[in-house]
Each structure stands twice: as C-alpha cells, then as structure tokens.
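So the structure is just underneath, and the comments pick up after that.
Here is the naming used below: chain letters follow the sequence lines, and residue numbers restart at 1 for every chain. Note that these values count all heavy atoms, side chains included, but never hydrogens, waters or copies made by symmetry.
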Amino acid sequence: MSRADLAAGNVIRMSLLFRVQHLLLTVLLTVLAITGFALMYHENSLAQWIIRLEGGVHNRGIVHRVAAVLLMANLVYHAFYMLLSREGKPELRQFFIGRQDIDDFLQSLRYNLGMAKEYPRFGKYGYKEKFQYWGASVGIVLISVTGIMLWAEEFSMQFFPKFILDLALVIHGYQGLLGFVLLYLWHIYNVHLHPSVFPMNPSWITGKVSAEWLRREHPLEYEKLKEEGLL
Amino acid sequence: MRRSVLGVVLLLGGVFLPVFAQDAYASISLEKCTLCHGKPEFRKLLVDGQIRDLYVTGDTLAGSVHAKKVCTECHFDVSEIPHRERPKRVICTHCHFKGNREGAPQSDNVIAYFDSAHGLAIARGNAKAPLCQDCHGSHTILKAKDPGSKVARANVAETCGRCHMEIYAQFKGSIHGAALGKGIAEVPSCTGCHGEHKIYAHDDPKSTIYTTHVSEQCSKCHASVKIMGKFGIETEQVATYQKSFHGVAGKFGSRTVANCSSCHGVHDIRPQDDPLSTVNPKNVPKTCGKCHPGANPNFAVGKIHVDAKNRESGIIYWTATFFKWLTIGTMLALVAHIFLDMYGRTRRLRGER
C-alpha cells in the first residue's frame with residue numbers, strides 16, 4: 001500500500017493479478033452464458049436471434065468452446081497460483097471454511113431476525129464471499145467436466161454409455177442455470193446493489209476499498225491491518 | 001297424319017342423328033382397330049426379345065374413366081388403318097390442359113409433373129422416364145380414389161416398383177410396406193413421403209425428403225397422437241429429436257446432421273426389435289458409426305429419444321428434477337437472505353444513528 005493510498009484511506013483488496021483473473025472470469029462467463037443459453041432455449045426467438053448473430057449453431061459451438069477453454073485455463077492458473085504463489089497461499093488459507101463461518105451465518109440470521117444484538121464480525125472474507133468463491137469453483141469444475149465429455153463425445157463414449165452423456169448434458173445445462181442464478185442474485189447483490197457498496201464495489205477495477213468500508217464490513221481484517229501497522 | 005308422323009320421325013332423327021352418327025363412327029373406329037388388335041394372338045416380338053401384347057377389344061376401356069373414348073381420340077396420330085408406323089406414346093395433355101373443350105379434368109399437376117424429377121428426365125430425353133400413363137395406366141385408367149386404380153394408396157408402391165425395383169423390394173420388407181400389405185390405410189406408400197406429382201430428387205432442396213425436410217415429413221404422421229395411438233407408437237420421438245443436438249442443428253440449417261432416416265433408414269425402416277433394423281441395438285454402432293467414427297455398443301446403452309421431463313427416463317429425469325428444485329430452492333433461499341440482510345441492515349443503520 002502506497003503512502004498516497006494510505007493518505008486517501010484506501011486499502012488494497014485485489015491485486016492486479018487477481019483483478020485480471022476476475023475480469024477474464026466475468027467476460028468468459030458472460031460469453032458462455034449467452035452462447036449456452038441460446039442453445040438451451042433455442043425455441044425462444046431471442047435465443048434464435050443470438051444464434052444467428054453468432055453465425056449459426058456451428059459457430060456458436062466454436063465461440064462457446066473457445067470461451068470454455070480460456071475459462072478452464074484461467075481456473076487451472078488460478079488453482080496453481082493459490083496453491084503455490086507467495087500471494088496465493090495466505091489468500092487460500094483465508095478462504096477455508098471453518099466452524100466460525102457456520103456460526104457467523106447463524107448469527108447473521110439471528111441478528112437479521114432481531115434475535116441477536118451483534119452482527120457477526122468478518123475477517124477479509126465472510127461467509128458470503130466464501131460461499132461465492134467455492135460455489136463458483138465447484139460449479140466451474142463440474143460444468144467443465146461435463147462440457148468436455150460432451151465436446152469429445154466420440155471419445156467419452158469409448159468409456160461411458162449413451163445415458164451417461166445424456167446425464168452430462170442435463171447436468172451441464174442445469175449447472176449453467178444454477179451458476180447464472182447464483183451470480184445474478186447473490187454476487188450482483190453483494191457487490192453492486194448492497195447498500196454498503198451501491199452502485200458498486202470499485203475493487204474489481206481499482207483493486208482498492210476505503211478503510212472506512214473495511215472497518216464496517218470486515219472489522220477483523222481492519223483490526224489485523226491496524227495491528228500490523230499498515231493503516 | 002302420315003306427314004306429321006314422318007315429320008316427327010324426321011325431327012327426332014334430326015335430333016338423334018348426330019348421336020347415332022358418333023356411335024356409328026366409334027363402332028366403326030373400334031371395329032377397324034380390332035380387326036387386327038382384337039385377335040388374342042396379336043403381339044409383336046421386340047428387338048430385345050420381349051413380347052409385346054397388342055390385344056385390344058371393345059371392352060378394354062370399359063369401366064375406366066375413358067370408357068366413352070375411342071382409340072383414335074388418344075392415338076390421334078393414327079390416321080390410316082392399318083397404320084404403317086408404330087403410334088407414338090399417348091400424350092395426355094392433348095386433352096388434359098386448362099380450358100379444354102372436352103371437359104377433361106385438369107389441375108396444375110401436369111405442370112408440376114414437368115418440373116419433377118420424372119418430367120425433367122423426359123425433357124432430357126430419357127425414354128424410360130415415366131409419362132402420365134406409366135403410373136395412371138394406359139387403357140384401364142381409374143380415379144385415384146378407386147381401390148383398383150394403379151395410383152391408389154395400396155397399389156402405388158407396386159406401380160412405382162415397376163421401375164424402382166430394388167427400392168420396392170426394400171420397401172416391401174419395411175414396416176411401412178408390411179403394413180401397406182395388410183391394408184392399413186394410415187401407412188405411407190411411396191407418394192406419402194415423396195409427393196404425387198411434385199416428386200423431386202432427394203438432393204433437390206424442393207423435395208419433401210430433402211435432408212432438412214425429412215423430420216418434418218416423418219412428423220406429419222409420427223407426431224400425431226391420433227394416428228400413432230392406433231398402433232401403440234409413441235409420438236415423443238419427434239419432440240425429443242427436435243430438442244436434441246441433431247434436431248437443433250438441423251433446424252438452424254445444418255445439412256450434415258442426422259435426420260430421422262439417417263438412423264432409421266429410408267425405404268427399409270423396420271421396428272427396433274427386428275434384427276435387420278438399423279436401430280436394433282446390435283446395429284446401432286454401425287448406424288451411428290456412419291457419422292461418429294469408432295461408435296461402439298455404448299451408443300445403444302440408454303434411451304436414444306430421451307426426454308428429461310419424462311418420468312420414464314429414469315436417472316435422467318431424477319437428475320433434472322433434482323437440479324430444478326435445487327435451483328428453485330437456491331433462488332428462494334438467496335432472495336430470502338437478501339431481504340433479511342436488507343431488513344437487518346436498515347435496523348443496524350437506525351441503531352447507529
């Protein structure tokens with residue numbers, strides 16, 4: 001954190017590498033959702049318009065697969081970065097789900113219902129962020145595996161009977177829908193519509209959040225930085 | 001008195017004379033022709049060794065739509081008897097054209113025929129290509145609705161089979177051919193799929209059996225619960241195909257993707273439990289292998305026409321249902337959580353103030 005940042009009361013929340021990974025994820029998931037749902041709901045006139053825009057079903061498939069390969073590459077890179085890099089390792093540790101997160105979740109429920117006085121105090125990542133992170137990761141792995149099976153159908157059917165591929169298709173489609181719902185209801189609310197960040201949390205572009213925001217939303221992280229003398 | 005009787009006779013004669021005269025002309029004409037053609041042994045040895053029967057009697061046209069015609073009305077190029085040259089093939093459009101004075105029925109079928117594969121073959125000079133009489137018959141032409149007609153549903157396959165012999169043999173062994181043989185009225189014969197006069201080559205985009213039209217053509221019957229219900233055949237194949245990768249690609253204009261006949265066969269369509277059927281589990285690897293190199297018995301494991309919304313699809317149905325409720329449940333939980341969060345936050349802000 002530079003002196004200027006500190007002077008302005010800013011805290012770095014996302015390093016440049018994470019921002020690039022996040023931006024790739026945003027763009028690729030959008031492309032995949034558009035091309036995927038166009039096929040899934042091909043009877044819809046908007047979907048048909050999208051498919052024509054993409055140059056027919058064949059080209060739609062190519063666009064979808066190119067985006068998918070990039071997304072998988074992004075995921076693999078991210079996994080290695082989190083497991084091996086000096087920046088990633090402590091980040092990954094903070095993403096582990098523990099007993100505390102379940103307690104936090106229950107306490108926030110009690111608080112929101114008016115049954116507790118204290119709202120839970122989060123570290124760098126609260127249960128919302130962790131749920132989002134692991135949900136997205138597991139979802140992308142699942143959708144990638146089924147997607148590859150369907151892509152290389154002649155290869156997959158050397159090992160699997162046809163109904164497994166039908167199953168893969170069903171899972172691929174519904175997993176896409178579930179992921180999309182999570183993204184739009186949960187992530188968009190948490191980082192755009194939530195009163196504490198509206199119109200948006202700027203960290204995905206600038207990488208920074210204000211120290212004041214951190215103190216209110218992630219007090220444990222704020223205190224930790226304060227102790228370390230970084231604030 | 002005598003005069004008046006004579007007058008009446010003359011008057012009546014004047015009225016009926018032309019009729020008598022025409023009758024007389026007809027009988028004379030027939031008599032003249034049957035002088036030679038009326039002998040049962042009157043036949044001709046053709047160059048290729050075949051014998052052509054030329055036996056024609058006064059009864060030949062009886063019962064046909066042309067019962068009242070005489071020979072020269074169709075064989076109008078015969079002007080002297082005996083004729084020196086072989087009469088040309090009869091040209092039906094001599095009478096059957098729009099606005100003809102004979103009152104001969106005429107539709108656009110004749111025009112359609114000239115644009116068809118058969119008509120174009122004639123135009124290119126293929127003497128073996130069929131003209132009207134080759135399908136409708138020469139002397140015993142009956143209305144298409146008449147069960148005895150050569151173009152009646154039950155007979156048309158045989159009529160087409162006179163030239164398309166191999167295809168006829170395949171068709172006869174198929175489920176459609178077998179049902180046709182049993183006299184089932186709903187089953188398609190050749191014209192059911194290929195059309196009647198507008199018959200085009202299978203690689204002509206105008207054809208009813210062009211690759212992008214096949215599923216539509218089959219679904220005319222196979223999507224109809226009314227027809228299929230009679231035979232205990234499912235109609236979901238049409239919908240499941242349309243939702244499948246094959247169906248969607250076909251709908252968006254792919255010419256290489258599998259349509260119904262790619263898997264089920266064309267003229268040799270047989271029920272799945274028939275060992276000769278292309279969709280018999282034993283033959284599925286070969287059938288799928290036409291497009292998917294290296295297809296193995298795995299291609300036959302599981303329902304081919306699978307509908308995730310149908311309970312009979314088993315694990316696929318249950319997985320789809322699980323995901324459906326998981327998605328609905330997640331949505332509800334998230335919406336609830338979001339509203340709770342906003343409610344709690346408002347209170348917290350109030351408390352802070």
Side-chain angles (χ1 to χ4, degrees), chain A residues 39-40 42-43 48 51-52 55-61 105 108-114 116-119 128 131 135 150 153-171 173-175 177-182 184-190 193-196 216, chain B residues 242-245 247-254 256-257 284-285 288-289 291-304 306 308 313-324 326-328 330-331 333-349 351-352:
Chain A
L39 185 66
M40 195 165 163
H42 58 91
E43 277 157 31
Q48 289 174 5
I51 290 180
R52 300 235 157 76
V57 268
H58 182 73
N59 291 358
R60 182 218 69 88
F105 169 64
S108 78
L109 271 190
R110 279 196 296 273
Y111 172 82
N112 288 333
L113 288 167
K117 287 233 155 67
E118 281 284 306
Y119 193 70
K128 291 178 207 167
F131 178 66
L150 292 166
E153 88 277 13
E154 280 159 20
F155 176 74
S156 336
M157 280 172 88
Q158 302 295 319
F159 314 102
F160 304 116
K162 188 201 173 256
F163 83 90
I164 295 285
L165 267 91
D166 287 333
L167 206 59
L169 179 63
V170 167
I171 293 173
Y174 276 103
Q175 175 61 44
L177 188 65
L178 184 62
F180 188 77
V181 163
L182 272 179
Y184 272 79
L185 272 176
W186 186 246
H187 194 59
I188 293 286
Y189 172 71
N190 282 337
L193 303 177
H194 196 281
S196 83
R216 273 191 287 117
Chain B
Q242 281 164 354
K243 281 182 193 152
S244 75
F245 281 131
V248 174
K251 199 178 94 178
F252 283 94
S254 168
T256 48
V257 82
V284 159
C288 297
C291 304
H292 299 277
N296 60 8
N298 275 339
F299 278 70
V301 183
K303 237 178 142 211
I304 301 291
V306 66
S313 305
I315 188 163
I316 292 163
Y317 167 79
W318 292 111
T319 310
T321 311
F322 166 75
F323 265 102
K324 189 173 100 185
L326 179 67
T327 308
I328 292 173
T330 312
M331 275 173 79
L334 290 184
V335 169
H337 189 281
I338 287 168
F339 276 100
L340 270 179
D341 189 75
M342 289 200 286
Y343 172 64
R345 179 164 293 269
T346 348
R347 278 196 339 185
R348 187 149 27 125
L349 286 175
E352 276 181 5

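- With hydrogens and angles ignored, the 3.5 Å screen pairs a side-chain donor or acceptor of A/Gln158 with a backbone N or O of B/Gly294.
- Nearest heavy-atom pair across A/Tyr174 and B/Ala320 is CE1-CB, 3.8 Å.
- Scanning both residues, A/Lys162 and B/Val306, for their nearest heavy atoms gives NZ-CG1, 4.2 Å.
- Rounded to the nearest 0.5 Å, atoms CZ (B/Phe299) and CE (A/Met157) are 4.0 Å apart.
- For the atom pair A/Leu178 CG and B/Thr327 OG1, the distance stands at 4.5 Å (nearest 0.5 Å).
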- Message: side-chain contact (heavy atoms from CB on, under 4.5 Å), that's the test. Do B/Met331 and A/Trp186 meet it? Break it down for me.
- Response: CA-CA 9 Å; B/Met331 275 173 79; A/Trp186 186 246; over 6 Å; no
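- Contact annotation for A/Leu185: both backbone and side-chain heavy atoms come within less than 4.5 Å of a heavy atom of chain B.
- Heavy atoms closer than 4.5 Å to chain A are found in both the backbone and the side chain of B/Ala249.
- Using a 4.5 Å cut-off between heavy atoms, A/Tyr111 touches chain B through backbone and side chain atoms alike.
- If you measure heavy-atom distances from A/Phe155 to chain B, you find no contacts under 4.5 Å at all.
- By the neighbour-count criterion of 12 heavy atoms within 6.0 Å, atom CZ of A/Phe131 is sparsely surrounded, having that number or fewer from other residues, nucleotides or ligands.
- Contacts between B/Phe322 and chain A at a heavy-atom distance below 4.5 Å are absent for every atom of the residue.
- Neither the backbone nor the side chain of A/Tyr184 comes within less than 4.5 Å of any heavy atom in chain B.
- Considering every non-hydrogen atom in both A/Leu109 and B/Leu340, the closest pair reads CD2-CD1, 3.6 Å.
- With a 4.5 angstrom heavy-atom cutoff, B/Lys243 touches chain A via backbone and side-chain atoms both.
- Proximity to chain B (any heavy atom under 4.5 Å) is restricted, for A/Leu169, to the side chain, taken from C-beta onward.
- In this structure, CG on B/Asn298 lies 13.0 Å from CD on A/Glu154, to the nearest 0.5 angstrom.
- In this structure, the portion of A/Phe105 lying under 4.5 Å from any heavy atom of chain B is its side chain and not its backbone.
- There is a side-chain donor-acceptor pair under 3.5 Å between A/His194 and B/Asp341.
- Counting non-hydrogen atoms of neighbouring residues, nucleotides and ligands closer than 6.0 angstrom, the CG atom of B/Leu326 exceeds 12 such neighbours.
- If you take NE2 on A/His42 and CZ on B/Phe245, they are separated by 9.5 Å, rounding to the nearest 0.5 Å.
- Put simply, NE2 on B/His337 and CG on A/Asn112 are 6.5 Å apart, with the number rounded to the nearest 0.5 Å.
- Within the 4.5 angstrom heavy-atom criterion, atoms from both the backbone and the side chain of B/Pro293 approach chain A.
- With rounding to the nearest 0.5 Å, the separation of CG in A/Leu167 from OG in B/Ser313 is 11.0 Å.
- Under the 4.5 Å side-chain criterion, counting only non-hydrogen atoms from C-beta, B/Lys303 is not in contact with A/Phe163.
- Between chain A and the options B/Thr319, B/Ile338, B/Val248, the largest number of non-hydrogen pairs under 4.5 Å is found for B/Ile338.
- Here the closest heavy-atom approach between residue A/Gln48 and residue B/Lys251 is recorded as NE2-NZ, 3.3 Å.
- Both the backbone and the side chain of A/Glu43 come within contact range of chain B, each with at least one heavy atom under 4.5 Å from a heavy atom of that chain.
- Using a distance-only test at 3.5 Å, with no hydrogens or angles considered, no donor-acceptor pair links the side chain of A/Asp166 to the main chain of B/Ile316.
- Residues A/Arg52 and B/Phe252 have side chains in contact (heavy-atom distance under 4.5 Å, counting atoms from C-beta outward).
- Using a 4.5 Å cut-off between heavy atoms, B/Thr330 touches chain A through its side chain atoms alone.
- Looking at A/Leu39, the atoms closer than 4.5 Å to chain B (heavy atoms on both sides) all sit in the side chain, from C-beta outward.
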